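Before any comments, here is the structure.
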Amino acid sequence: MDLTLYSKMIGANNSNITQAYINDTILHVNDMFSSSPSFKVMDFDGVQTDAIISHKKSNVLDILLRPQSVLSKGIYASFEGDTYLITEFVKNEIYPKATVELCNASIKWKHIDSVHEFKCIVKGNTYEKDDGNSFVTTSEGEISILVQYNADTKTIKPNQRFIFGSSAYEVVSIDEVTSIYNGKGVLKLGVKYTSATDTDDKTNQIADSSGNSGWSGW
């Protein structure tokens, strides 16, 4: 539409026509949002949120949100019984977008008398078995872990050990920079296959259930 004609229609002058056009577009998008055939209601950190699934590929969903919606990387989402993690978020006044990836495992560790557990994404040189609970690695034995960055996960240290499937892994790299902003985001861990110990609790998926988690700093 010609902006000069549009300004006459809404009674706007040159100084506020842009915002007026944005506001009108927001109203239109909100009016039509729930009529999309891909409209769904998702749970983001306990808040019911309208969403449109614009693209679905394997374990990744691209999500369109209502105008002016604000989320952030690292937020957990629940959808159709599964847990997802926001790995990308594009802030936009009219068309905010998020990319969420399926959490296919949990990362667990014990510190003194407390067990910490968070849903996570296991990816990299690995593929998931059909039972959904175990993983097969390539000869390099390295996998990547993506998990919410928070007060507990930020305490994870190099050489700390974890169990995924029937195997033990130790942390060889920690990225708490590229996907974290203002204390929120996604913590990326590089872990490598390591030998199991007698104190590993494979049943409960907790490495060194004595509480040491394989890190000599405690």
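For reference, positions follow the sequence shown, starting with 1. Since this is a predicted model, take the numbers as computed values, not measurements.
The aromatic rings of W109 and H116 are tilted relative to each other, their planes meeting at an angle between 30° and 60°.
Proximity of T87 to I121: side-chain heavy atoms (C-beta onward) are separated by under 4.5 Å at one or more points. Between N30 and R66, some side-chain heavy-atom pair lies under the 4.5 Å cut-off. Between S106 and K119 there is a side-chain heavy-atom pair separated by less than 4.5 Å. Contact annotation: the side chain of Q48 approaches that of D43 to within less than 4.5 Å [non-hydrogen atoms, C-beta and beyond]. Looking only at side-chain heavy atoms (C-beta outward), L189 and I107 come within less than 4.5 Å of each other. Side-chain contact between V115 and K110: present, with at least one pair of heavy atoms (C-beta onward) separated by less than 4.5 Å. Using a 4.5 Å heavy-atom threshold, the side chains of K123 and L146 count as touching.
No path of Ile, Leu, Val, Met, Phe, Trp and Tyr side chains, each step under 4.5 Å between heavy atoms, connects V60 with I143, placing them in separate hydrophobic clusters. Note on I163: it does not cluster hydrophobically with I145, by side-chain heavy-atom contacts below 4.5 Å among ILVMFWY residues. No path of Ile, Leu, Val, Met, Phe, Trp and Tyr side chains, each step under 4.5 Å between heavy atoms, connects V90 with L64, placing them in separate hydrophobic clusters. Note on Y193: it does not cluster hydrophobically with V172, by side-chain heavy-atom contacts below 4.5 Å among ILVMFWY residues. Taken together through direct or relayed side-chain contacts under 4.5 Å among Ile, Leu, Val, Met, Phe, Trp and Tyr, V147 and Y149 form part of one hydrophobic cluster.
Considering every non-hydrogen atom in both F164 and A105, the closest pair reads CD2-CB, 4.4 Å. Considering all non-hydrogen atoms of both residues, K202 and S166 come closest at NZ-O, 3.5 Å. In this structure, P96 and P67 approach most closely via the heavy-atom pair CD-CA, 4.0 Å.
In this structure, E101 CD and N59 CG are separated by 8.5 Å, a value rounded to the nearest 0.5 Å. Within the model, atoms CD1 of I180 and NZ of K184 stand 13.0 Å from one another, a figure rounded to the nearest 0.5 Å. With values rounded to the nearest 0.5 angstrom, I94 atom CD1 is found 9.0 Å from N23 atom CG. Rounding to the nearest 0.5 Å places CG of L187 at 11.0 Å from CZ of F118. Once rounded to the nearest 0.5 Å, the distance linking OG of S36 with CG of D50 reads 11.0 Å. Distance check, rounded to the nearest 0.5 Å: OG of S35 to CE of M32 gives 4.0 Å.
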Tell me, with the steps shown, if L85 and Q148 meet side chain to side chain contact (heavy atoms under 4.5 Å, CB included). CA-CA 8 Å; L85 183 69; Q148 182 186 72; 4.3 Å; yes
Before giving the answer on side chain to side chain contact (heavy atoms under 4.5 Å, CB included), spell out for I156 and F162 the whole-Å C-alpha distance, their side-chain angles and the decisive distance to 0.1 Å. CA-CA 10 Å; I156 294 173; F162 300 96; 4.0 Å; yes
Kindly determine whether D45 and V47 satisfy side chain to side chain contact (heavy atoms under 4.5 Å, CB included), including the steps that lead there. CA-CA 6 Å; D45 271 357; V47 178; 5.6 Å; no
When you look at I26 and E93, which way does the side chain to side chain contact (heavy atoms under 4.5 Å, CB included) test go after all the steps? CA-CA 8 Å; I26 287 174; E93 192 171 4; 4.0 Å; yes
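Of the possible polar contacts, one joining the K108 side chain to the N204 backbone as a donor-acceptor pair under 3.5 Å is found. A distance-only check finds a donor-acceptor pair linking the side chain of Q205 to the backbone of G165 [under 3.5 Å]. Checked by atom type and distance alone, the side chain of S54 pairs as donor or acceptor with a backbone atom of D62 at under 3.5 Å. Looking at T155, its side chain does come within 3.5 Å of a backbone N or O of D152 through a donor-acceptor pair.
Here I53 is tied into one hydrophobic group with M42, F44, L61, I63, L65, L71, I75, F79, Y84, I86, F89, V100, L102, each link being a pair of ILVMFWY side chains closer than 4.5 Å.
Residues D208 and T197 bring a donor and an acceptor atom of their side chains to less than 3.5 Å of each other.
Under the side chain to side chain contact (heavy atoms under 4.5 Å, CB included) criterion, K73 pairs with E88, S179, V186, not counting sequence neighbours.
Residue-environment remark: OH (Y181) stays at or below the threshold of 12 foreign heavy atoms within 6.0 Å.
Salt-bridge check for R161 with D200: passed, with a basic side-chain N closer than 4.0 Å to an acidic carboxylate O.
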